[in-house]
Amino acid sequence: MRDSTEQAQGFSVDPEEVARFSALAAKWWDAKGAFAPLHKFNPVRLGFIRDRACARFGRDPRTREPFKGLKLLDIGCGGGLLSEPMRRMGFEVTAVDASARNIGTAKAHAEQQGLDIDYRCATAEQLAAEGAGPFDVVLNMEVVEHTADPRGYLRETAGLIAPGGMMIVATLNRTAKAMALAVVGAEYVLRWLPRGTHDWKKFLKPEEVREFLAGAGVEVSGPYGVAYNPLADKWSESNDTAVNYMMVATKPGA
């Protein structure tokens with residue numbers, strides 16, 4: 001068994017980033033705690049994933065388990081906020097995180113919910129080296145901006161997509177608006193997030209994501225914006241990609 005302070009290693013791992021989230025591991029499922037903004041953000045992420053996956057694989061979202069028979073990888077899963085609903089939708093879920101503490105929290109919560117999820121303290125590079133996958137859906141949600149080598153990381157994760165499969169990348173745009181809202185506003189003014197959660201210099205422009213994935217055997221669409229309405233206290237899909245956005249990478253079928 002891994003010690004709770006142990007971290008998975010890989011060229012994409014930034015030890016300082018892993019340590020920062022490890023320190024908050026016990027708070028993942030507190031909807032009013034340090035991860036409250038992520039709990040509010042989750043419904044729009046889930047809707048986006050569900051709709052794109054249903055369209056890609058010809059599944060009916062109205063059924064109880066529309067993705068039964070499909071394999072999904074959740075990279076940088078944290079406490080499992082996406083992994084659990086994905087499992088409930090029928091996916092066979094493998095979820096990895098570089099923080100052993102995060103994985104411990106995720107495993108404990110999934111067991112309480114009676115959900116069988118394959119949680120591993122590992123990196124994308126380790127999965128690739130082990131020959132894991134491929135996966136019909138790869139989730140890369142708010143992770144790439146915390147890696148040490150975003151180009152290498154995105155290309156490595158694209159290699160885990162099964163023929164005919166897809167990868168969803170969610171991140172933050174490197175714009176003045178993102179600095180004002182996602183860093184200054186969220187961390188220093190509103191205090192939604194602990195100070196230092198984000199490094200604006202690591203934010204990626206959509207064209208950089210597209211460039212990093214060029215030649216990786218995938219077709220990239222997007223960006224698709226996500227915006228927050230403070231009056232409704234709700235996130236929704238938007239044409240505004242200046243702060244939060246998602247992109248979809250699909251791999252041709254066999």
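Residue numbers run from 1 in the order of the sequence given.
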Using the ring of Y153 (Phe, Tyr or Trp, six-membered ring only), decide whether R151 places NZ or CZ under 6.0 Å from its centre and within 45 degrees of its axis.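 Geometry flag: not set, cation outside 6.0 Å or 45°.
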Identify whether NZ of Lys or CZ of Arg in R52 sits under 6.0 Å from the centre of the six-membered ring of F57 and within 45° of that ring's axis.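 Not satisfied by the 6.0 Å and 45° rule.
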Decide yes or no on side chain to side chain contact (heavy atoms under 4.5 Å, CB included) for M86 and L139, but give the supporting numbers first. CA-CA 10 Å; M86 290 297 107; L139 297 184; 4.1 Å; yes
Under 3.5 Å donor-acceptor, [X] side chain and [Y] backbone:
X	Y	result
T105	R101	yes
S238	A227	no
E130	L127	no

Quick one: list whatever passes salt bridge (Lys or Arg N to Asp or Glu O under 4.0 Å) with R62, sequence neighbours left out.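 Applying salt bridge (Lys or Arg N to Asp or Glu O under 4.0 Å) to R62 gives D60.
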E145/R174 ion pair, N-O < 4.0 Å: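 Salt bridge flag = no for R174 with E145.
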Would E219 and R56 pass as an ion pair if we require N to O under 4.0 Å?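 Salt bridge: no.
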Heavy atoms only: give me the nearest [X]-[Y] pair and the separation to one decimal.
X	Y	value
A106	G78	CB-O, 3.8 Å
P61	P66	CA-CB, 4.3 Å
I103	A95	CD1-O, 4.2 Å
A53	F91	CB-CZ, 4.4 Å

Can you name the ring-ring contact (aromatic ring centres under 6.0 Å, His included) partners of F212, sequence neighbours left out?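 F212: no ring-ring contact (aromatic ring centres under 6.0 Å, His included) contacts found.
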Does E208, at its CD atom, have more than 12 non-hydrogen atoms belonging to other residues, nucleotides or ligands within less than 6.0 Å?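 Result for CD/E208: enclosed.
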Tell me whether the count of non-hydrogen atoms from other residues, nucleotides or ligands lying under 6.0 Å of CG in N239 goes above 12.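 Counting other residues, nucleotides and ligands, CG of N239 stays at 12 neighbours or fewer.
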Beyond-backbone contact of [X] with [Y], side-chain heavy atoms, under 4.5 angstrom:
X	Y	result
M167	L160	no
N42	H39	no
F35	D30	no
V248	M246	no
L70	R59	yes
L213	M247	no
V137	L73	no
L38	R45	yes

If you apply the rule side chain to side chain contact (heavy atoms under 4.5 Å, CB included), what do you find for L82 with M141, and how did you get there? CA-CA 9 Å; L82 282 175; M141 312 298 282; 3.6 Å; yes
Gap separating the [atom1] atom of [X] from the [atom2] atom of [Y], nearest 0.5 angstrom:
X	Y	atom1	atom2	answer
I117	H109	CD1	NE2	10.0 Å
E84	C77	CD	SG	10.5 Å
M89	I49	CE	CD1	7.5 Å
I161	K251	CD1	NZ	5.5 Å
T241	N173	OG1	CG	6.0 Å
D240	Y228	CG	OH	15.0 Å

With sequence neighbours excluded, give me every side-chain hydrogen bond (donor to acceptor under 3.5 Å, both in side chains) pair touching residues 63-79.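 Those involving residues 63-79 are D74-S83.
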Side chain to side chain contact (heavy atoms under 4.5 Å, CB included) between T157 and I75, worked out: CA-CA 9 Å; T157 53; I75 304 174; 3.4 Å; yes
Out of the candidates W235, Y224, Y245, only one should pair with F48 under the ring pair (Phe, Tyr, Trp, His ring centres under 6.0 Å) rule; please name it.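 Output: one option passes, namely Y224.
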Using the rule given for side chain to side chain contact (heavy atoms under 4.5 Å, CB included), can you reason through L172 versus N244, listing the C-alpha separation, both sets of side-chain angles and the distance that settles it, and then say yes or no? CA-CA 5 Å; L172 289 150; N244 295 82; 3.4 Å; yes
side-chain hydrogen bond (donor to acceptor under 3.5 Å, both in side chains) assessment of D97 paired with Y119: CA-CA 8 Å; D97 198 281; Y119 281 114; over 6 Å; no
